[in-house]
Protein chains: 2
Amino acid sequence: MEYKPNWLARGMRTERTNTIGIIADDLLSPFTPPIIRGIQDFLRTIDYLGLIINSDWDPDLEREAISTLLGRSVDGMIFVESGHLAPTEELEKAGKPYMFVHRLFGAPIQYSVVPDDYAGTQLAMEHLFSLGHRCIAHIAGPSGWHSARRRVDGYVDSMHQHGIAIEAGWMLESDWRYEGGFAATQQLLATDPCPTAIYVANDHMAWGTVEAIRAAGLRVPDDVAIVSYDNRSFSRVLRPKLTTVSLPAYEMGKKAAEQLSLKLQGETVATDEVKICGTLYIRESCGADPSLRTVEQPDVGTTVRHQLTGVPPVSN
Amino acid sequence: MEYKPNWLARGMRTERTNTIGIIADDLLSPFTPPIIRGIQDFLRTIDYLGLIINSDWDPDLEREAISTLLGRSVDGMIFVESGHLAPTEELEKAGKPYMFVHRLFGAPIQYSVVPDDYAGTQLAMEHLFSLGHRCIAHIAGPSGWHSARRRVDGYVDSMHQHGIAIEAGWMLESDWRYEGGFAATQQLLATDPCPTAIYVANDHMAWGTVEAIRAAGLRVPDDVAIVSYDNRSFSRVLRPKLTTVSLPAYEMGKKAAEQLSLKLQGETVATDEVKICGTLYIRESCGADPSLRTVEQPDVGTTVRHQLTGVPPVSN
DNA sequence: GTGAAAGCGCTAACAA
DNA sequence: TTGTTAGCGCTTTCAC
């Protein structure tokens, strides 16, 4: 009968606000929006809402955010790509449940959802093997990052599992960036024996790899095949379109929210890291048969917008 | 003395929660995160927090979101890229202030912050003129979008102001996408007289333009110069790096929050659209003297992260 | 000036 | 089962 409860009053009484706090390093980091979207979509199913604060990688801001959120009586918290924090004393004292998603640095931590970079790497490597490649090089990210190290492990193990020795110079550490990928590739092309395929640890560097190969007068994928990682939105507009393993940001966010909701209901949740594996998006940069290509989903929203406005779906 | 107020109780008493609702079409739309970040950064200065809900371009979801937010007693609302809504009856009845940011379609509306695409276009065109170009073509976005139409107006007026006639075939409507830009450019290159510069209405199409020009055996910027619009993050990793006018998403969000805070304080705010002009990022695609290039700021957070982790700043 | 008390809307506990 | 009431923590009002 038109009755609309006042959530403030209810929250005051029940000590439950149906709100959680989300502390993100920075909303503008590339994976933060999809992680948060995943969180939001799960929260919606349990009638929760999220209050988002940016900590900008600043420990003081992060502490302040925790304090602010506690003052708002949130029921729990999720730390998104939060850099460094072991939960503050204040958070522990409050006894509210919390989760971490996609912590990038530091030792592994409890109640944390992370990408399964090792398994994702296997996906990429197996694809290359299935296409007949055996001389596969790897351009890695900076070793300070979890993801970079795990992708290296995956590469090394994968090669060994196929009984292939990794030649000197086939594994290079770079910096995640276009320029780094470009430079590393130039080095690689001067290697003997020269690899026929390169597993590049992220899409940015892979872009540089594509351009370096072209600059050397070679073609992708005919002369050198490329697989990379992340499935950033530009990877399907680059030519050739990149074959890449997705970093399952959305799914990770969803999972973290799900775990949190379990804790919210008082259930005991396994403390160890939850690993989520991405998917291989088969496109053009490996030369796989076109019939194998992943069918691309339109970006969320663009089809609805299309129906609404008559304006065609736009890739984001 | 360690006293921490309970915001719920305070809110119940004062009818002020220091919280606003943010209804976004979709957190994953490219300009939504920077707009929200702008809102958040302003809100922080007045001790407010934002509750974000995605409406996914669905009028029903949007109505539901308004209702949810009202139930949470937010003090006001901001609609981010919300497609269509004239405020619902319920919102009006609640008497809470609200603002729109970056409404993409439909008739102009009150209390709305939008990009000044006309002025931004002048920036782009003047840059081209200053480089000596007179034969300038325009690849436009779909005419259903405000931004596309205003960018066309800016182009046409700018040409006329310089006393230049727009040749037949110099103005093409496309679809915002890489493929559209590519195809339009091929058409343009077959035009006589062939333009020496192209003003492309967004970065995505401009990417296609670059590739089409290359495919025709011509060079950017030597044979054809390109300016575009939006300043998407990939525009500075594309080679040549795109000279482009930014869509000032962050600033728009900030402004909207500022306007809302004025309304929150009971001040009367001008009802007409607030227009925010972007900035011209001079890079490589127009062939401007290197000394004129805009100095690039590192992405928010990456420098802090650098200090924290020893890992170099990464472009997002 | 200081201090006590009422009441915001709800739910949980208790009484009938 | 149904109905009544106390009280969550704060601010505002009103009495002193």
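Note that the structure is a prediction, hence the values are computed from the model and not measured. Letters A, B, ... are given to chains in the order of the sequence lines, protein chains preceding strands, and every chain is numbered from 1.
To the nearest angstrom, C1' of C:dG9 lies 20 Å from CZ of A:Arg16. Going from atom CG of A:Asn18 over to atom P of C:dC10 covers 15 Å, rounded to whole Å. Regarding A:Met12, its CE atom lies at a distance of 9 Å from the C1' atom of C:dG9, rounded to whole Å. When the P atom of C:dG7 is taken as reference, atom CG of B:Leu8 falls 22 Å away, rounded to whole Å. Following rounding to the nearest Å, B:Arg10 (CZ) and C:dG7 (C1') show an atom-to-atom distance of 17 Å.
Ion pairing between a basic and an acidic side chain is recognised when a charged N comes within 4.0 Å of a carboxylate O; B:Arg37 and B:Glu251 show no such pairing. For the pair A:Lys263 and A:Glu258, the salt-bridge criterion is not met [side-chain N within less than 4.0 Å of a carboxylate O].
For B:Arg13, whose side chain is taken as the heavy atoms from C-beta onward, the closest listed nucleotide among C:dA6, C:dA12, C:dC10 is C:dA6.
Stacking of B:Arg103 on the aromatic ring of B:Phe100 is recorded, both the 6.0 Å distance cut-off and the 45° axial limit being met. Taking the ring centre of A:Phe42 as origin, the terminal cationic atom of A:Lys255 falls outside the region bounded by 6.0 Å and 45° from the ring axis. Taking the ring centre of B:Tyr118 as origin, the terminal cationic atom of B:Lys275 falls outside the region bounded by 6.0 Å and 45° from the ring axis.
Closest heavy-atom contact between A:Asp41 and A:Tyr250: OD2-OH, 2.5 Å. The two residues B:Ile22 and B:Leu69 have their closest heavy-atom pair at N-CD2, 4.4 Å.
The span of DNA chain D lying next to chain A, judged by atoms under 4.0 Å from heavy atoms, is bounded 5' to 3' by D:dA6 to D:dG9.
Two residues are said to be in side-chain contact when any heavy atoms from C-beta on lie closer than 4.5 Å; A:Glu90 and A:Arg63 fail this criterion.
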Checklist entry - Reading DNA chain C 5' to 3', what string of ( ), [ ], | and . shows its pairs, if Watson-Crick and G-U wobble pairs count only when both distances fall under 3.5 Å? => result ||||||||||||||.|

